[in-house]
Number of protein chains: 2
Amino acid sequence: MGEHGSEHASSNTHGNGNGRREVTVSDVAAAARVSKATAARALGDYGAVSDSVRERVQRAAEELGYRANALARTMTTGRSNTIGIVVGDIENPFFAQATRGAADIADTAGFDLILSNSDEETESEAKAIGVQLAKRVDGLLVAPASSVDIRNLRTIVDAGRPLVLFDRVAEGIEADAVIAANRTGARKLTGLLTSAGHRRIAFISTLLHTDGYRSGEVLGSSSVAERVAGFTTTLAEAGIPRPEAWVRLNARADGVERAAVELITGPDAATAVVASDSRIALAVFRAARSVGLRIPEDLSLVAFDDADWTGLTTPSITVMSQPIHEIGAEAARLLVRRIRGDGGPFVTKVLDQRLIERESVAPPRL
Amino acid sequence: MGEHGSEHASSNTHGNGNGRREVTVSDVAAAARVSKATAARALGDYGAVSDSVRERVQRAAEELGYRANALARTMTTGRSNTIGIVVGDIENPFFAQATRGAADIADTAGFDLILSNSDEETESEAKAIGVQLAKRVDGLLVAPASSVDIRNLRTIVDAGRPLVLFDRVAEGIEADAVIAANRTGARKLTGLLTSAGHRRIAFISTLLHTDGYRSGEVLGSSSVAERVAGFTTTLAEAGIPRPEAWVRLNARADGVERAAVELITGPDAATAVVASDSRIALAVFRAARSVGLRIPEDLSLVAFDDADWTGLTTPSITVMSQPIHEIGAEAARLLVRRIRGDGGPFVTKVLDQRLIERESVAPPRL
DNA sequence: ATGAAAGCGCTAACAT
DNA sequence: ATGTTAGCGCTTTCAT
């Protein structure tokens, strides 16, 4: 046989440690008795190959169990067909849904996903971004842990990788973004409460934040910031003094449920709550139950995100639904476009939220 | 400023398309005026390098903004420090939690995660596995779309990559597995119903399955199979004839809620339901409400998975809680061990489920 | 301790 | 249409 020979000579020290050597284009080429280049062309479906040769090569590949090494390919082409996604926590239904939306688009466009959790901390976010960059992802999707400290994002841009932000924006970074109309959403949601006659309304978020919220203060997450803005403005418009006093951040560190209990009990207790996401709504619901407050008679509750169960509780919960899937999908679409070379100006897409009125709002008790 | 200059000199045909050339060890070596090998040693923290040189190299790397190319490293070492995970659907809370559990362990051990959704179809599962293998992941975590058709899993084993199954097992494949004690769980859950006096009890799963379930039939998902086994055995022990007639599979294709409505209405309606996961429980809950059936007075309901909201509905739902996080984490632990070379016999870890009795079970109406 | 050179598996010029 | 060759960025012998 016209063995091209020498490539089989040495035992290799590399490999996956199971002693087996991966089948390479060279092997296939040898078996099909063509050059490496021709084999590669047939296998990689590029360049020009005669039908007969192509078939011969493919059969050989089949028989040897050839499986292309995507890494080697990336080394020479510079494209990895992989996009990185950094979410706060994949267990959070918001991120799970957004990730799914992104995954579907990515998949269709031929990209795989490397997933990392930042836990909303810039430090682990930095680490995550570091690995993804090292793996030479073609672009990144990130829900930035901070909209203010943009160093991690700058790293990405400096590395020359397209970046699309989702759920949150960041000032001063060259990137597209896909977010929801949080301020408007917050206004509507809060308006429901003020219209019903509430004057003591609390806004609860788990956003990490040291000390209490002060008016005009810059918040780490732009989406929460927007919600807070919508919330306080609406309160102010209703003539409620010191709206910012009703903003409760950092609820995770302190235990959401406990924070909720504090807010809805005592002499100056809130009579209504705006929960910044469905998990917070859950905690508030539990808190209310634990202190014997009925919703909506004793406490009104509205929340962001139409989690699947929000229509099932008694009472069902009035929510501001976000197109979560679409946020992830659209972000992925923008990213793919950038990766493919679109050099247009950066855009920020703002998707509408949708109010779903249910049964958790009533006038306050007198 | 001390611009080092030359790295911008040559145009390169590779790269990320943004015209920028990545900084390589060579560049750093040149800047630090040492050989490539030495620079690599200093950067990669292996081999022997004098302190002074190490420092010089690191400073140069810092200045140039060097970022190791993990792909090139993988090419030569054969290790990618990446593990692949294939789940049914990341949007499903079960998988989101298991993924998080796995991600945490992987992260600690220095591995990244490539995520794919199989949608429980062997075809897209095959595709997903193909890419992950092409990317030379060091090992795979998969919740197999089929416990019966093991070709996709065989591909992995044939490729010499460690494989750990989670949530489901598969016969005849050389792999570890981490599952929950589903049969026992199903027995307990169903027992609650038979003890309460129910005789017409339905089991609902979204597992894809053509035609109705027949006794002894092999099911695609081992976890569902085990639950069905526990369910039918318990009915049989209670003297209920033709237990298998009460097994309703394929509920997703037909619409879970509609399937539920069919089962809980009509002359031979079920008076109790075992939902194979929390999303199904949700649909049953909705179905009951839509046809005006009260839980538990008119219909008893129990389910697998203690989703966060199951304690909040009225009535709260009795569930069999699974250690989902731990399933993913333990699977990742086993995988990491294999990747590190553990050649011991394959194990299947079975984790216990835990019954949480709440308010959704009552005796059937007469 | 450091350097020179080979090679991982692939693609891309450049022949022929 | 096919082959030859060089090279992607790194690690790893093997010298020195």
Side-chain angles (χ1 to χ4, degrees), chain A residues 2 4 6-17 21-30 32-57 61 64 66-81 133-136, chain B residues 7 10-17 20-30 32-57 61 64 66-81 133-136:
Chain A
H4 288 233
S6 60
E7 67 267 36
H8 285 284
S10 66
S11 81
N12 85 326
T13 53
H14 308 296
N16 49 23
R21 194 177 148 293
E22 310 273 354
V23 177
T24 73
V25 256
S26 286
D27 300 326
V28 175
R33 285 170 313 168
V34 293
S35 75
K36 221 172 64 169
T38 302
R41 285 192 264 255
L43 261 13
D45 211 42
Y46 61 92
V49 200
S50 72
D51 287 353
S52 67
V53 168
R54 165 175 294 110
E55 206 180 314
R56 191 142 46 90
V57 170
L64 297 181
Y66 171 76
R67 185 174 297 283
N69 184 329
L71 272 42
R73 182 171 291 161
T74 298
M75 287 289 297
T76 82
T77 62
R79 278 161 285 116
S80 63
N81 293 316
L133 252 22
K135 288 220 154 68
R136 297 305 190 255
Chain B
E7 67 268 32
S10 68
S11 83
N12 81 324
T13 53
H14 306 293
N16 50 23
R20 224 161 320 188
R21 195 176 147 293
E22 311 271 355
V23 177
T24 72
V25 254
S26 287
D27 300 326
V28 176
R33 284 171 313 169
V34 293
S35 75
K36 221 171 64 168
T38 302
R41 284 192 264 257
L43 261 14
D45 211 43
Y46 60 92
V49 200
S50 72
D51 288 352
S52 67
V53 169
R54 164 173 296 109
E55 206 180 315
R56 190 143 44 92
V57 170
L64 297 182
Y66 170 76
R67 185 174 297 283
N69 183 329
L71 272 42
R73 183 170 290 160
T74 299
M75 286 288 296
T76 80
T77 62
R79 277 161 285 115
S80 62
N81 293 317
L133 252 20
K135 288 222 156 68
R136 297 302 190 258

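When the side-chain nitrogen and oxygen atoms of A:T76 are compared with OP1 and OP2 of D:dC8, none of them lie within a distance under 4.0 Å. OP1 or OP2 of C:dT2 sits under 4.0 Å from a side-chain N or O of B:S50.
Minimum atom distance to the side chain of A:A48 is reached by D:dT2, of the listed D:dT2, D:dC8, C:dA1. Closest approach to the B:V49 side chain among C:dG9, D:dT12, C:dT2 is made by C:dT2 (side chain taken as heavy atoms from C-beta onward). Side-chain proximity of B:R73 to D:dT11, C:dA12, C:dC10: nearest is D:dT11. Closest to the B:S35 side chain, of the nucleotides C:dC10, C:dA4, D:dT12, is C:dA4.
Per the geometry, CZ belonging to A:R56 stands 11 Å off C1' belonging to D:dT2, to the nearest Å. Computed from coordinates, the B:R54 CZ to C:dA1 C1' distance equals 11 Å when rounded to whole Å. One can place CG of B:N69 at 8 Å from C1' of D:dC8, the figure rounded to the nearest angstrom. Residue B:D27 contributes atom CG, which lies 8 Å from atom P of D:dG9 at whole-angstrom precision. One can place NZ of A:K135 at 15 Å from P of D:dC10, the figure rounded to the nearest angstrom. If you take CZ of B:R21 and P of D:dC8, they are 8 Å apart, rounded to a whole angstrom. Taking atom CG of B:N81 as the reference point, atom P of D:dT11 lies 11 Å away to the nearest angstrom. What separates CD of B:E22 from C1' of D:dC8 is a distance of 11 Å, to the nearest Å.
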Tabulate below the donor-acceptor pairs under 3.5 Å that side-chain atoms of residues 38-45 of chain A make, not counting sequence neighbours, or state none.
| from | atom 1 | to | atom 2 | distance (Å) |
| --- | --- | --- | --- | --- |
| A:T38 | OG1 | A:S35 | OG | 3.1 |

I'd like a table of donor-acceptor pairs (distance under 3.5 Å, sequence neighbours excluded) in which one partner is a side-chain atom from residues 49-57 of chain B, with atom names and distances.
| from | atom 1 | to | atom 2 | distance (Å) |
| --- | --- | --- | --- | --- |
| B:S50 | OG | B:S52 | OG | 3.4 |
| B:S50 | OG | B:V53 | N | 3.3 |
| B:R56 | NH1 | B:A32 | O | 2.4 |

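In this structure, the side chain to side chain contact (heavy atoms under 4.5 Å, CB included) partners of B:A70, at least two apart in sequence or on a different chain, are A:A134, A:K135. Judged as a side chain to side chain contact (heavy atoms under 4.5 Å, CB included), and not counting sequence neighbours, the contacts of B:N69 are A:M75, A:R136, B:L71, B:A72. Residues passing the side chain to side chain donor-acceptor pair (under 3.5 Å) test with B:T74: none are found, sequence neighbours excluded.
The CD atom of B:E22 sits 8.0 Å away from atom CG of A:L133, with the distance rounded to the nearest 0.5 Å. Rounding to the nearest 0.5 angstrom, the gap separating the CG atom in A:L64 from the CZ atom in A:R67 is 13.0 Å.
Within residues 36-46 of chain B, the residues having any heavy atom closer than 4.0 Å to DNA chain D are, in order of number, B:K36, B:A37, B:A40, B:Y46.
At the heavy-atom level, B:A70 lies nowhere under 4.0 Å from the strands shown.
The nearest heavy atom of DNA chain D to B:Y66 and to A:S52 marks one nucleotide each, and the one closer to the 5' end goes with A:S52.
The nearest pair of heavy atoms linking B:V23 to B:Y66 is O-CD1, 3.4 Å.
Between the axis at the start and the axis at the end of the helix from C:dA1-D:dT16 to C:dT16-D:dA1 there is an angle of 40°, using five pairs per end and rounding to 10 degrees.
By the 4.5 Å heavy-atom criterion applied to side chains, B:D27 and B:R21 are counted as neighbours.
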